[in-house]
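Note that the coordinates shown come from a computational prediction; the quantities given were computed from them, not determined experimentally. Chain letters run A, B, ... following the sequence lines, proteins first and then strands; every chain starts at 1.
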Amino acid sequence: MTKEKLLLLDGNSLAYRAFFALPLLTNDSGVHTNAVYGFTTMLQKILEEEKPTKMLVAFDAGKTTFRHESYGEYKGGRQKTPPELSEQFPYLRKLIDAYQIKRYEKELYEADDIIGTLAKQAESENMDVIIVSGDKDLTQLATDKVTVYITRKGMTDIEKYTPSHIEEKYGLSPLQIIDMKGLMGDTSDNIPGVPGVGEKTAIKLLKEYGSVEALYEQIDDMKKSKMKEKLVENEEQAKMSKKLATIFTEAPIDISLEDLNYPGPNEEEVLNVWQELSFKSLIEKSDFQMEEKETAELVFDIVTDVTPDMLKDVMAVHVELENEHYHTCRILGLGFTDGTKNFYISFEDMKNNETIKNWLEDESKIKYMSDSKAAQAILNRINIELRGVDFDLVLATYIVNPAVSGDDLATLAKEYGYSDVQANETIYGKGAKWTVPAMEVLAEHVCRKAFAIWSLQPVVEEKLKENEQFDLYHNLELPLASILGIMESEGVKVNISTLEKMGGELEQKISALEKEIYELAGEKFNINSPKQLGVILFEKLGLPVVKKTKTGYSTAADVLEKLQSEHKIVKYILDYRQLAKLQSTYIEGLIKEVHSDDSKVHTRFQQALTATGRLSSTDPNLQNIPIRLEEGRKIRQAFVPSKEGWVLFAADYSQIELRVLAHMSKDENLVDAFIQGMDIHTRTAMDVFHVSEEDVTANMRRAAKAVNFGIVYGISDYGLSQNLDITRKEAGEFIDKYLQSFPGVKEYMDRIVQEAKLNGFVTTILNRRRYLPDITSRNFNLRSFAERTAMNTPIQGSAADIIKKAMIDMDARLKQEGLQTKMLLQVHDELIFEAPKEEIEILERIVPEVMEHAIELAVPLKVDFSYGHTWYDAK
DNA sequence: TTTATCACG
DNA sequence: ACGTACGTGATAAAA
C-alpha cells in the first residue's frame, strides 16, 4: 500500500484570500464567483501536484469560539464579510461536495484548530500532511511531516513552509511563530500583543530568549530600556496573546482520519457546478468527462401509429428538427409525454396521421413545448395549424433571464437543475461530423426533451409568478410567438429581377472605382482587406494614423472621413465600401435567401435572444435593409406585395424611446414638449441653447438630436464628443445644460442606476428584466458599461414592450374587422403590412389608432404611416 | 473561429 | 486615470 498523504484546507481563509486577490467575477445570473474561482484553480493545481489520498476542508463555525471565553475582543473590530463573498459560500460547499472532499466545522472551534488536531493525529500515524491556507499563522504547525502551503497573490502561487524554510526566513522554529505572534499581536484577529513590538523586535527577542515564557523569566536581567518597560507592562497581555495565537491541537472533533479518504472528484458534478458558475475556461481546459448516461432511466416507446386515446388533454410535445433553419429543414420526429407515458413517432409516420393532425390543431388540447414558433412554422408547411400552446420553455426561460442562452434545450434545462436530457452535440456531433443517430438513440433523445419540458413547466412558471412576469410571458410573448410564426410563414415577396438589374449596375460602378483606386494606389490589392488597405493608406501613401484597432490601423468610415482632404483615394474607397456592402449583403446575399417556390424571403424573428426584449431578424435580416442613403434605399424597390393590386403599408412610432423616457422620468419639461406636439429636437435645442424657436439653427438642432440619442443610450461626454466631432469638454457642457433643462431626466438616470445596484436588475414597463451583475464591479469600464445599460435598457425594452403589445392588438383588430391585410414585418419601431388597395382607407384609420393606444403613457404616442407599390415607395 | 466593417432602429 | 455611446446580423478576410 502506498503511503497516505493528507491534505487539509482552510476553507474560510482560502475563500477570503481568493475574494480579495481576484477581481469580482459573476456568472450569468449575477452571483459573484471570484472566491470560488480562485479556490478552484488553487485546488486543481494542488490536486494535480500532490495527489493526496485523504482530504478535508475545514470551516469556521459560527461567530464565537472558545477563544472568546478568555478574550472577548477576539477578532473584534473585524469588518463583516462582504455580501459578495457570503453569497459564494453555498457554491463553495457545493463544489467541495462535487469533488467528493469531506468538509467539516465544529461549534466553538476555528478551522485552524480542526486542522491542527487532524494534522497531529495524522503525523502520529506517520502520514505526510499538507496544510493549505491563506493565513501564515498556520505555519506554526509545520514539522518534518507537516508542510504548510500559504497562497500568495493569484491563488496558484504557493509558498511552502517547512521547518527549514521557516528557519531560513525568520530564524525561528515553527513553534516560535506562536511566540512571535504573542509579542507582536495580530490586528486582523484583534490580538493585542505588546505595543511597540513588531516583527523585527519579536524575532530578535525570540532569538535571544527562545520563548515568551523564557523571556519573562529572565526579564529582570534585561537592561533598562523603553522596550523593557513595555514588556513588563504588558506581560499578561503578551501571555494571553500567545495563548490566543496557539492553534489547539486537541479539539474534540467527531471526525477521524478514516473518514477522510479522498476518492477523486465526481467529474460530472464538478462540471455541473462549473457550468452553474460559468467557469467556461475551466470547463474547456479540463479533461473531465461527463459520465456516460448517468441520467435517470426513461421508458419510452417508438410508435408508428397514434390512436386518439394516446393523446391526452395536456401533454408536452417536442418537434425535433434537423437544424435551426426551420423554414427549410426537415422534421426528424415528434416526442410526446404526459408525465407517465413517453413515445416517439418519426416524421415519416406522423406526416399523414390524421389523429395527430387533429390533436395538434385542437385548441382545447394543451401543449407544452419549447420554441413553439419553430414548430408552428414547420408544421404549417405540411398544412397543420398548431393551436393550444400554453407553455413554451424557450420563451419562459428568456423572460426569467434574457441572458440565458437558449439554443440548446439541454443547456436551458441545466439552468434549472434538470440534467436528464442530452446536448444536441452529444447526439448528433457537430460541424462536418453531424449525423442522425440510430432510431433508438434519436427517439430517446426526443422523448427526453419532451419529458424535460414537462418537468420544467411548473418550475419555470412558478419562477415567473414569483417575479411577477407571468402576465408578460403568458399574455404577451406567448401569443406573439404565434403571430410571428404566421408572419414568417407568410414571408415577403422579393422581385429578383429588380435586384439583378441593380446588381449589374453596381458591378459597373464598383469595377470603375476599383480601377481608380488601383491607379491612385499604384498597385492592385484587395480593397476589402482592412489589413492590405491599411498598408496602402498609412504606409505607402503616408496618411496620418487617426485610430488603431488591436490588430493594426483602423480604416473604418469615421476615420476615412477625416482623411478625405488628405488624398483623393479616400473618397473612392468610401464609395467603394458603400457599394461593395450593397452588392455583397443586399443584392447577392438577399437573392440567396429568396425561396424559389414562392419568390419570397422568410426571415426568422428571434424572440428569445436580445438582452433588452427587442426582436432580431435572421436569414435574411430584414431589420437592417438600407434606408439612410439613397443608393441603398433603392434596394427597397425589390420588396413588393405578394398580390396584384396590393400595396405595402408602413407605420412607425415617432420618437418612441424619448416618449418612453418622458413617461418613466415624468420630467415636466419633456412631458410638456410631447403634449404640445413639438419637434423634440428643436425643443431640446431651445432649452439647451436658451433661444427661441425661430433662432434654432440647423446645427443647433443637429447637436440637440445627438444629445437626445446620447441620453437614450446612457450618455457619456466621450461618446457624444465622438458623435458630434467636438471636444469632450464641449460635449460635457452640452450634457450639463441638457440635464439642467430636464432635471427629471437626471433624477431618473440616478434613480435607475441606484435601483440596479440594489436589485441587481432593471425592469421595463411590462416588467421585463435584465440583470446587470457588473453594476457593482470594481472595474471602472465594466461598471460604467453596466450603468449606461441600466439607463438604456428600460427605455429600449419598454419601447419593445409597446410595439409587441401593438402587434397583438393589431392582429386581433385585423381579424375583428375581417380584413385581408397581413402584418409582415416588425422593425423595432415600425410595422409593415401588405394590403389590398381597398383596405388602405381603413388601415389609415385603425393602424395609428391601435398602435398609439397599445399602452397608455403619460405622453401621447404618435404614429406616422405611408404606403406604396414597393417598400421604397412606402415613405 | 475571430476580427473589422457596416447596414438598421 | 480609467476608455465608451444602446441594441442587433451579415459579410469578407485572416487566423
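At a threshold of 4.0 angstrom between heavy atoms, the contacts of A:Gly714 with the nucleic acid are absent. Base contact: A:Ala706 has a heavy atom under 4.0 Å from a base atom. Across all strands, A:Arg728 comes closer than 4.0 Å to base atoms (heavy-atom distances). When heavy atoms are screened at a 4.0 angstrom cut-off, A:Asn526 is found touching the sugar-phosphate backbone but no base atom. When heavy atoms are screened at a 4.0 angstrom cut-off, A:Ser529 is found touching the sugar-phosphate backbone but no base atom. The residue A:Ile627 sits close only to the backbone: its heavy atoms come under 4.0 Å of sugar-phosphate atoms, none of a base. At the heavy-atom level, A:Glu657 lies nowhere under 4.0 Å from the strands shown. Contacts of A:Val712 with the nucleic acid, taken as non-hydrogen atoms under 4.0 Å apart, are absent. Among the atoms of the strands shown, only primed sugar atoms or phosphate atoms (P, OP1, OP2) are found under 4.0 Å from some heavy atom of A:Ala557. Note on A:Asn723: a base of the nucleic acid sits closer than 4.0 angstrom, heavy atoms only.
Bracketed by its first and final contacts, the part of DNA chain C lying under 4.0 Å from non-hydrogen atoms of chain A reaches from C:dC2 to C:dA15 in 5' to 3' order.
Taking 4.0 angstrom as the limit, A:Thr555 places none of its side-chain polar atoms (N or O) nearer than this to OP1 or OP2 of B:dA4. Residue A:Arg628 has no polar side-chain atom (N or O) positioned under 4.0 Å from OP1 or OP2 of B:dA7. Not one side-chain nitrogen or oxygen of A:Thr585 sits closer than 4.0 Å to the OP1 or OP2 atom of B:dA7.
Side-chain N or O atoms of A:Gln469 include one that pairs as donor or acceptor with a backbone N or O of A:Ile399 at under 3.5 Å.
Listed by chain and residue number, A:Phe734 satisfy the ring-ring contact (aromatic ring centres under 6.0 Å, His included) test with A:Phe689 (two or more places apart in sequence, or in another chain).
For residues 600-625 of chain A, proximity to DNA chain B is found at A:Arg614, A:Gln623, A:Asn624, A:Ile625, defined as any non-hydrogen atom under 4.0 angstrom from a strand atom.
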